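Here, residue 1 is the first one in the sequence, and each next residue gets the next number. Quick caveat, the model's predicted, so the values are computed rather than measured.
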Amino acid sequence: MNKLKIMTIFGTRPEAVKMAPLVTELARRPECESICCVTAQHREMLDSVLSIFQLVPDYDLDIMEPRQTLSTITSKCLIGMDELLNKTRPDLVLVHGDTSTTFSGALSAFYHRIPVGHVEAGLRTWDKYAPFPEEINRTMVGDIATLHFCPTKSNRKNLAGEGIQKGVFITGNTVIDALHTTVQKEYTFTTKLLNELDYENRKIILVTCHRRENYGQPMEHIMTALRRLADQYPEVELVYPVHLSPVVRETAQTYLGGHARIHLIEPLDVAEMHNLMARVYLVMTDSGGLQEEAPALGKPVLVLRRETERPEAVEAGTVKIAGTEEETIFAMASELVESSAAYEKMAHSVNPYGDGRACARIADAILWHFGRRTTPPEEFSGE
C-alpha cells in the first residue's frame, strides 16, 4: 500500500511552533510521507523556529516583502501553492489556526480538490473584526476543511453550532507538545540581560503586544498602564520583546522607552521565549498562543484584548481578560503584584489545553480517516 502523502503548510512563527512537532510525528509514522511547505509569511521569526526544531522544509515559497499587506500575502500564497499542489498532489493538506497563510493554503487545496485538515480548529470570538483578520480566516477554513482537530471540547461545540459535526476530533493543543521539547531547567539565554535578571526575588513580567486591532489608542492605553505599573512598584520589571512591526516599535519606544526597569528587547526565538516564560512572575499579552503556553508553565496571564477565542483558560482560572483600558489593566495587574492569594489562585489552576500527546492523536486520526488504522484515536478529555 502506498504511503499517505501529507503536506503541512505554515508561514508564521506561532504556526511553526505548533506545527513543528506534528511534522516530526508524521515523519515517524511508516504509513506517511511527510511533506513540509513554508510560505515564510514571517521570514526571520519563522527561520528561528525551524532551526530550533531542526526542520528543513521541502518547499519554501519565500513570500515575505517589506510592509506587506493582507492582500499581497494571500495572493502570493495562492499563486505559489497553485504550482506546488499541481506538482506534489498530496492526499491531505494540513493548515494551522487562523493566519493568512492558513486561509490561503486551505483555499488552494480546495481549488485542487485536495482534503484539508485544520489543526487548532473551532476557536471563535463571534466578532469578525476581533481578532482581525484571524476570526474570519479560521471560520472560512472551518467551512473548507474535511478534518477538524480541536484542542478542547468547547471548540468542538463551536463547530457543531455551525453545523460541522463530521471529521471532528478533540486532540489537545500541539503547543503543549512543543513545550516538552523547548523548556529546559538549566537553560542559558543568549543575551546577558535575560541571564542576569533576578527571577527569584523580583516580579518579572513578560509583555507582548502586537495585534492589528490594538494599533492606535488601544495600544497607547496598554503602554501607559504598563509604565504606570513599573513606576508604582519598585519590585516589578517588565521584559517586552518588541514585534518587528514599525507601528508597534514606534509606540513601544514612545511610551515605554527610557525606563530603568522596562526592558525593550528584540524578538526572541521560541526556545528563549518559552524558557523566559517558565521563569517570569506574570504574563501580559495580546497574543493567542501565550494564553495556552503560560498556563502550562503555571504562569497567570492577563489578556490585553477585549475578548479571547480561548475561553477555556478563563473558565479554568489561569487567564483573565484585562481589555485595553488603562485603568482596568493597571488595577488587574496591581492585584496580582500585591496579593499572593490572587496570584496563587491563578497560578495553580489546571491547564485545559493538553497533555503533550496532541500530535500523536492527530496522526492517529488521519490514519483512521484514510483506513490505515482500525480504531479511532483516543480523545483528549481536558480534565
Side-chain angles (χ1 to χ4, degrees), residues 14 18 96-98 118-128 130-131 134-135 138-139 142 148-162 164-165 168-179 205-206 208 211 213 277-278 280-325 328-329 331-336 339-358 361 378-383:
K18 295 181 176 184
H96 177 277
D98 51 25
H118 189 194
V119 179
E120 199 175 270
L123 279 68
R124 298 289 186 271
T125 64
W126 316 112
D127 180 346
K128 68 172 64 177
E134 288 86 357
E135 178 72 4
R138 59 186 169 225
T139 301
H148 311 263
F149 304 113
C150 298
T152 68
K153 292 178 181 177
S154 67
N155 301 147
R156 179 171 64 183
K157 184 178 179 181
N158 289 343
L159 293 179
E162 297 173 358
I164 299 171
Q165 299 189 54
V168 180
F169 304 88
I170 301 177
T171 62
N173 198 300
T174 59
V175 75
I176 309 303
D177 302 36
L179 285 171
I205 299 176
L206 172 62
T208 74
R211 288 278 185 186
E213 67 265 26
M277 205 182 318
V280 299
Y281 180 78
L282 168 68
V283 175
M284 298 176 68
T285 182
D286 65 0
S287 166
L290 267 64
Q291 296 176 49
E292 301 153 346
E293 296 163 354
L297 298 168
K299 307 301 176 179
V301 180
L302 294 181
V303 177
L304 305 174
R305 288 164 56 185
R306 290 175 287 121
E307 77 299 302
T308 180
E309 59 279 83
R310 293 165 171 85
E312 301 88 353
V314 177
E315 294 164 7
T318 62
V319 166
K320 289 185 178 180
I321 299 176
T324 59
E325 295 298 326
T328 305
I329 295 167
M332 293 179 73
S334 295
E335 181 185 28
L336 291 173
S339 171
S340 58
Y343 180 87
E344 292 299 324
K345 184 177 180 181
M346 289 186 72
H348 291 116
S349 295
V350 176
N351 174 43
Y353 290 119
D355 56 4
R357 300 189 64 249
R361 292 188 184 97
E378 68 165 353
E379 192 171 89
F380 171 62
S381 67
E383 298 173 353

What residues form a side-chain contact (heavy atoms from CB on, under 4.5 Å) with [X], not counting sequence neighbours?
X      : answer
Ala160 : Gln165
Met346 : Pro300, Lys320, Leu336
Thr324 : Asn214, Pro218, Ile222, Arg306

Could you walk me through whether Thr152 and Asn155 pass the side-chain hydrogen bond (donor to acceptor under 3.5 Å, both in side chains) test, one step at a time? CA-CA 5 Å; Thr152 68; Asn155 301 147; 3.0 Å; yes
For a quick test of reading the model, state the closest non-hydrogen atom pair linking [X] to [Y] and the distance between them.
X      : Y      : value
Ala347 : Gly298 : CB-O, 3.5 Å
Gly142 : His148 : O-CE1, 3.2 Å
Leu159 : Ala121 : CD1-CB, 4.3 Å
Val319 : Pro295 : CG2-CG, 4.2 Å
Ala294 : Val283 : CB-CG2, 4.0 Å
Ala296 : Ile176 : CB-CD1, 3.7 Å

Any [X] side-chain heavy atom under 4.5 Å of [Y] side chain:
X      : Y      : value
Arg138 : His118 : yes
Leu290 : Glu292 : no
Cys150 : Leu123 : no

What I want to find out is whether [X] reaches [Y] closely enough, with some N-O distance under 4.0 Å, to be called a salt bridge.
X      : Y      : answer
Arg211 : Asp286 : no
Arg310 : Glu312 : no
Glu134 : Arg124 : no
Glu293 : Lys18  : no

Aromatic centroids of Tyr343 and Tyr281 separated by under 6.0 Å: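 Yes, the ring centres sit under 6.0 Å apart.
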Please evaluate residues Ile321 and Arg305 with respect to the criterion side-chain contact (heavy atoms from CB on, under 4.5 Å), reporting the C-alpha separation (whole Å), side-chain torsions for both, the decisive distance (0.1 Å), and the verdict. CA-CA 7 Å; Ile321 299 176; Arg305 288 164 56 185; 5.7 Å; no
From Lys345 atom NZ to Ser339 atom OG, the distance as rounded to the nearest 0.5 Å: 10.0 Å
How many angstroms lie between atom OG1 of Thr328 and atom CG of Leu302, to the nearest 0.5 angstrom?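 If we round to the nearest 0.5 Å, Thr328:OG1 and Leu302:CG are 11.0 Å apart.
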Could you walk me through whether Gln291 and Thr285 pass the side-chain hydrogen bond (donor to acceptor under 3.5 Å, both in side chains) check? CA-CA 8 Å; Gln291 296 176 49; Thr285 182; over 6 Å; no
Would Trp126 and Asn158 count as a side-chain contact (heavy atoms from CB on, under 4.5 Å) if you check the C-alpha gap in whole Å, the side-chain angles of each, and the deciding distance to 0.1 Å? CA-CA 10 Å; Trp126 316 112; Asn158 289 343; 3.4 Å; yes
Would you check, one step at a time, whether the test side-chain contact (heavy atoms from CB on, under 4.5 Å) holds for Leu304 with Met284? CA-CA 7 Å; Leu304 305 174; Met284 298 176 68; 4.2 Å; yes
Would Thr125 and Glu135 count as having a side-chain donor-acceptor pair, cut-off 3.5 Å?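 The answer is yes; a qualifying pair exists.
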With Arg361, the side chain to side chain donor-acceptor pair (under 3.5 Å) member among Thr174, Thr171, Asp177, Asp355: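 Option passing the side chain to side chain donor-acceptor pair (under 3.5 Å) with Arg361: Asp355.
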Carefully, step by step, assess Val314 and Thr308 under the rule side-chain contact (heavy atoms from CB on, under 4.5 Å). CA-CA 9 Å; Val314 177; Thr308 180; 3.9 Å; yes
